[in-house]
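The next block holds one structure in the form of structure tokens; read it before the comments.
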Amino acid sequence: MPELSPRRRLLVLAICCMSLLLVSLDNTVLNVALPSLQKELHASTSGLQWTIDAYTLVLASLLMLAGSTADRIGRRRVFTAGLVVFTLGSLLCSLAPNLDALVAFRMVQAVGGSMLNPVAMSIITNTFTDPRERARAIGAWGAVVGLSMAAGPLVGGLLVDSVGWRSIFWINLPVGLAALVLTLRFVPESRAPKARRADPVGQLLVITLFGSLTYAIIEAPHAPLSATAPFGALALGSLIALLRYESRRREPLIDLRFFRSAPFSGATVIAVSAFASLGGFLFLSTLYLQNVRGLSALEAGLWMLPMALPTFLCAPLSGRLVGNRGPRLPLLIAGGAMTAAGLLFALFEAETSNATLVAGYVLFGVSFGFVNAPITNTAVSGMPRAQAGVASAVASTSRQLGQALGVAVIGAVLAAGVGSSSYAERFVQASRPGWWILTACGLAVLVVGAATSGRWARATARRTAERLEEAEIREAAGADA
């Protein structure tokens, strides 16, 4: 990629952030619309889970393929294709006649979304080569997540109450078209110096693993063990086969050598934990505010502002801290605040009091604002630039997988607890195990963040990067010979 002027770099960053806004806004808007979907389409709790998880699962399954493909055939080309498919998928979602069609069209959206986030992050990484500039750019990238969380519930609530749930997909159309035109005009083409070959077997194993695991979790409260156990066994078998196959492949879909870096491995665990907490938190909060408290979609969106605004404000601060002092402090703040938020709900039933409900939302917003930048920065900063697309795709995959598992697990716990009793009467008690799970996710962020951000961890990252670069040199020499 040619060296760009500072103004052009900022423009490229803005265009990439538009793609993130598309994907993240879509999730937050849809969460507010879940009760409306439940009533109009007669959806069960598992049906609501699938409207979210069908999207995140396809996204998680294809992100690594999209990252490696972009490195191979051109990042702008894949990014442009992603914008087209995502915008088309949004249009189809707005026309869905029933729940099954909506789930299918959400999967089309996800195919396009898989070409956006990891590829955009790879473009940013190769545009901002200075570590401090890159950390600030990633901080701005993280602030867009906060913006989507702030705008999503309000915009979604307003649209659902005034026009209907279908209108939440309409907002993607002008943003997607604008991003497409700007990408074609201003984003330069780039690709990795050495193209990676496709890995169809690895890709199939990833899809099988993610899909079978999530299906087993979501359907467990509704189906007998004999119906879900085979899917659990299939997930375990796929994981074992994936690890064995990828470790022997010369150019794997998932380069297991990345995980020799303690910060990279830690970032993966933290991403899964933090986004599982996010998915479960939004799922529980939305259903509680609308189905138990009886609030409208717009009123529920307003109640979520104490969570959204701290995320928006803390994300750029986290980026600056990562750039100036490293990821340790932001991760400790994020893990501590996330744990405290979970404990408020798990121990003190925070949702039953306005003051504690707001306090829990603020703490969670702070935690999520601080956690995003260190995940992304750690995932890509210790890797060779030629591997930026794959490394950022692994981080993005971890986020989406975490969110899918969070919705699946928390939804399954809630469905098992509510049973056939009065929904409103049973909700608070039925959600208690879910809040403890989210507390455990916060503790994982805190402990793993502290353990993988020290000097020894950075040393493993340097050694991993050196070995990867040496391996690339040897492979290139062998190919030339």
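What you are looking at is a predicted structure, and each value in this text was computed from that prediction instead of being measured.
- Side-chain atoms of Ser114 come within 3.5 Å of backbone atoms of Val111 as a donor-acceptor pair (strictly under, hydrogens ignored).
- The salt bridge (charged side-chain N to carboxylate O under 4.0 Å, His left out) contacts involving residues 297-320 comprise nothing, where partners must be two or more places apart or lie in separate chains.
- Taking CE of Met18 as the reference point, atom CG of Leu22 lies at 7.0 Å (rounded to 0.5 Å).
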Residues Val269, Thr452; criterion side chain to side chain contact (heavy atoms under 4.5 Å, CB included); working and verdict | CA-CA 10 Å; Val269 174; Thr452 60; over 6 Å; no

Check the pair Leu159 / Trp170 against side chain to side chain contact (heavy atoms under 4.5 Å, CB included), numbers first and verdict last.
-> CA-CA 10 Å; Leu159 289 173; Trp170 296 345; over 6 Å; no

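- In this structure, Leu65 and Leu253 approach most closely via the heavy-atom pair N-CD1, 3.8 Å.
- Contact detail for Ala404 and Thr56: the closest heavy-atom pair is CB-OG1, 3.3 Å.
- Counting all heavy atoms, side chain and backbone alike, Phe259 lies closest to Ser265 at O-OG, 2.7 Å.
- When only modelled atom types and interatomic distance are considered, Asp161 and Ser296 share a side-chain donor-acceptor pair under 3.5 Å.
- Checked by atom type and distance alone, the side chain of Ser94 pairs as donor or acceptor with a backbone atom of Leu91 at under 3.5 Å.
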Would Leu83 and Leu116 satisfy side chain to side chain contact (heavy atoms under 4.5 Å, CB included), going step by step from the backbone distance to the final call?
-> CA-CA 7 Å; Leu83 288 170; Leu116 297 180; 3.8 Å; yes

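- The two residues Phe364 and Ser277 come nearest to each other via the heavy atoms CE1-OG, 3.2 Å.
- In this structure, the ring of Tyr55 has its center no less than 6.0 angstrom from the ring center of Trp50.
- Remark: the backbone N or O of Ala337 is not paired with any side-chain donor or acceptor of Ser367 at under 3.5 angstrom.
- In this structure the side chain of Ser19 reaches within 4.5 angstrom of the side chain of Phe79, judged on heavy atoms.
- For the pair Gln403 (side chain) and Gly279 (backbone), a donor-acceptor distance under 3.5 Å is absent.
- Trp165 places a side-chain heavy atom less than 4.5 Å from the side chain of Leu41.
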Listing, residues 300-307 side-chain donor-acceptor contacts under 3.5 Å, not counting sequence neighbours, or none:
none

Evaluate side chain to side chain contact (heavy atoms under 4.5 Å, CB included) for Leu95 paired with Phe105, printing each intermediate quantity in order.
-> CA-CA 9 Å; Leu95 302 174; Phe105 294 150; 5.7 Å; no

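- Interatomic distance, OG1 of Thr286 versus CD1 of Ile52, reported as 7.5 Å (0.5 Å rounding).
- In this structure, the side chains of Val12 and Ile123 come closer than 4.5 Å at one or more pairs of heavy atoms.
- Taking CG of Leu284 as the reference point, atom CG of Leu414 lies at 6.0 Å (rounded to 0.5 Å).
- To the nearest 0.5 angstrom, Ile333 atom CD1 is 7.5 Å from Leu317 atom CG.
- Between Phe368 and Phe275, a ring centre-to-centre spacing shorter than 6.0 Å is recorded.
- Asp53 pairs with exactly one of Ile217, Ile218, Leu48, Leu59 by the side-chain contact (heavy atoms from CB on, under 4.5 Å) rule, that one being Ile218.
- Contact annotation: the side chain of Phe370 approaches that of Leu321 to within less than 4.5 Å [non-hydrogen atoms, C-beta and beyond].
- Judged purely by atom type and a 3.5 angstrom limit, Glu351 has no side-chain atom pairing as donor or acceptor with the backbone of Ser285.
- When all heavy atoms of Leu256 and Leu243 are compared, the pair lying nearest together is CD1-O, 3.7 Å.
- Formation of a donor-acceptor pair under 3.5 Å by the Glu189 side chain with backbone atoms of Arg76 is found in this model.
- Residues Leu13 and Cys17 are in side-chain contact: their nearest non-hydrogen atoms beyond the backbone lie under 4.5 Å apart.
- Separation of atoms CG (Leu209) and CG (Leu204) is listed at 11.0 Å; rounding is to 0.5 Å.
- A distance-only check finds a donor-acceptor pair linking the side chain of Thr339 to the backbone of Gly442 [under 3.5 Å].
- Pairing each heavy atom of Ala267 with each of Ile375, the nearest pair is CB-O, 3.9 Å.
- Side-chain contact between Ile171 and Val155 is present, with at least one heavy-atom pair separated by less than 4.5 Å.
- The shortest distance between side-chain heavy atoms of Ile254 and Val206 falls below 4.5 Å.
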Start with the C-alpha gap between Thr127 and Arg9, add the side-chain angles, then the distance that decides, and say whether side chain to side chain donor-acceptor pair (under 3.5 Å) holds.
-> CA-CA 6 Å; Thr127 300; Arg9 289 199 298 270; over 6 Å; no

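- In this structure, Gln203 contributes its side chain and Ser61 its backbone to a donor-acceptor pair below 3.5 Å.
- Looking at Leu30 and Arg106, their side chains come closer than 4.5 Å, going by heavy atoms from C-beta outward.
- In this structure, CD1 in Ile124 is found 12.0 Å from CZ in Arg75, a value given to the nearest 0.5 Å.
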